[in-house]
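Have a look at the structure below, then the notes.
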Amino acid sequence: ALQKNASNKKIYHHTKKFYSKTEKYIHLTYNERKQFISDIAKQIASWGFTRLFAECIDKTKFNNSKTKQTVNEQAFEQLISRFEQYLQIISKAKDQKLYGLLVHDNNETVSKKLTQTMKEFHKKGTIWTNINNIIETPLFVDSELTGMIQLADVCGYALRRFCENGEKTLYDHIIKRADRKKNRIVGVRHFTDKTICTCDICSNR
Ligand SMILES: [Zn+2]
């Protein structure tokens, strides 16, 4: 339709030229973006002071009649327990009580629920531990304004690509920061219905 008359023909060529340029630009940006994410993952891997805690749940295999919890509730309770236990261990090692604080990306649908759950954990503990070192309820922030949330998102993305597609490019970097005990991964868990999973996470736990 653009080629109907002379002036439209001009628009057509201009548009075509314009898009042929953006095509190249989009292509480069995509690669640059991929490179950038990879650089971030590498950077995270180099930070020896960071510890990664994660619960990777295969939602299709998740049976909540068995666990009596939703995916999010299980993930939250697991993360809280591992972070708390980590804080207790390093506090003991340093002979000084160290505190932890949770920063969560703001999500209206979960913020109230997680605040309530955290209050319960403070009172009664999780199924694994009492909460002595994590203070407060989670702080909910705008992830666009909070760099650390974006770094956590890169880790989440890397774990997801690994668990769902077996992609190791980003995973191999960030998994170096998984909390470990005697060289076994304790901070990250892969939750499937398989009795034996042979993935990198499961075989290093
Ligand atoms: Zn696994």
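When a residue number appears, it is its place in the shown sequence, counting from 1. Each ligand, and each atom within it, is numbered from 1 in the order the structure gives.
Residues satisfying the ring-ring contact (aromatic ring centres under 6.0 Å, His included) criterion with His190, sequence neighbours excluded, are absent altogether.
Ring geometry for Phe121 versus Phe76: interplanar angle under 30°, hence parallel rather than tilted (30 to 60°).
With a 4.5 Å cut-off on side-chain heavy atoms, Lys119 and Thr137 count as touching. Considering only heavy atoms from C-beta on, Trp128 stays 4.5 Å or farther from Arg82 through its side chain.
For the Zn ion (ligand 1), the count of nearby protein N, O or S atoms, meaning those under 2.8 Å away, is 4.
At a cut-off of 3.5 Å, with distance as the only test, no side-chain donor of Gln35 or Asn31 sits close to an acceptor on the other residue.
Linking ILVMFWY residues whenever their side-chain heavy atoms come closer than 4.5 Å, directly or via other members, places Trp47 and Ile40 in the same cluster.
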